[in-house]
Amino acid sequence: MSPTVGRIVHYVSHGTPGGEYKSECRAAIVTEADGDKVGLAVLNPSGTFFRSLADGGCERHDGDPSNTPGAPETPSYNGGTWHWPERA
């Protein structure tokens, strides 16, 4: 499925190098689309963040499987990327 303007996706925040803030999924609205690269309006608890295609946009990342034996199948995502929300 290709992203289109107005769709809701998850943006993965970078977090901080010192670990004060962890990388987390945030709700985002697609504002521009060029294949799997998108511009986003990211909705954070502390405010809104915008990333446009002119600034490089955001690449899609479908997640890496957990490498922890016995851990639930929860993929990890790269910071600065987007993915479709998981189904509940």
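For the single chain, residues carry numbers from 1 onward in sequence order.
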Does CG in Asp34 sit with more than 12 non-hydrogen atoms of other residues, nucleotides or ligands closer than 6.0 Å?
-> no
Roughly how far, to the nearest 0.5 Å, is CG of Asn78 from OG of Ser23?
-> 8.5 Å
Linking I/L/V/M/F/W/Y whenever their side-chain heavy atoms sit closer than 4.5 Å, directly or via other members, would Met1 and Val38 fall into one cluster?
-> yes
To the nearest 0.5 Å, what is the distance between OH (Tyr77) and SG (Cys25)?
-> 6.5 Å
Can you name the closest pair of heavy atoms from Pro3 and Asp36 and give their distance?
-> CD-OD1, 3.8 Å
Identify the heavy atoms of Cys58 and Tyr11 that sit nearest to each other, and give their distance.
-> SG-CE1, 3.8 Å
How about Trp82 and Val12: do any of their side-chain heavy atoms sit closer than 4.5 Å?
-> no
From CA spacing to verdict: ring-ring contact (aromatic ring centres under 6.0 Å, His included), His83, His10 | CA-CA 5 Å; His83 62 275; His10 282 179; 5.2 Å; yes
Return yes when atom CZ of Phe49 has more than 12 non-hydrogen atoms of other residues, nucleotides or ligands closer than 6.0 Å, and no otherwise.
-> yes
Minimum heavy-atom distance between Arg60 and Trp84, given as atom pair plus value | NH2-CD1, 3.3 Å
Side-chain contact, heavy-atom cut-off 4.5 Å: His14 with Glu24?
-> no
In this structure, OG1 of Thr31 is separated from CZ of Phe50 (nearest 0.5 Å) by 8.0 Å
Might you point out which heavy atoms bring Arg26 and Leu43 nearest each other, and give the distance in Å?
-> CB-O, 3.9 Å
Please lay out, stage by stage, how Val9 and Leu40 fare under the test side chain to side chain contact (heavy atoms under 4.5 Å, CB included).
-> CA-CA 9 Å; Val9 297; Leu40 297 173; 3.7 Å; yes
Mind checking the OG1-NZ spacing from Thr81 to Lys37? Nearest 0.5 Å is all I need.
-> 12.5 Å
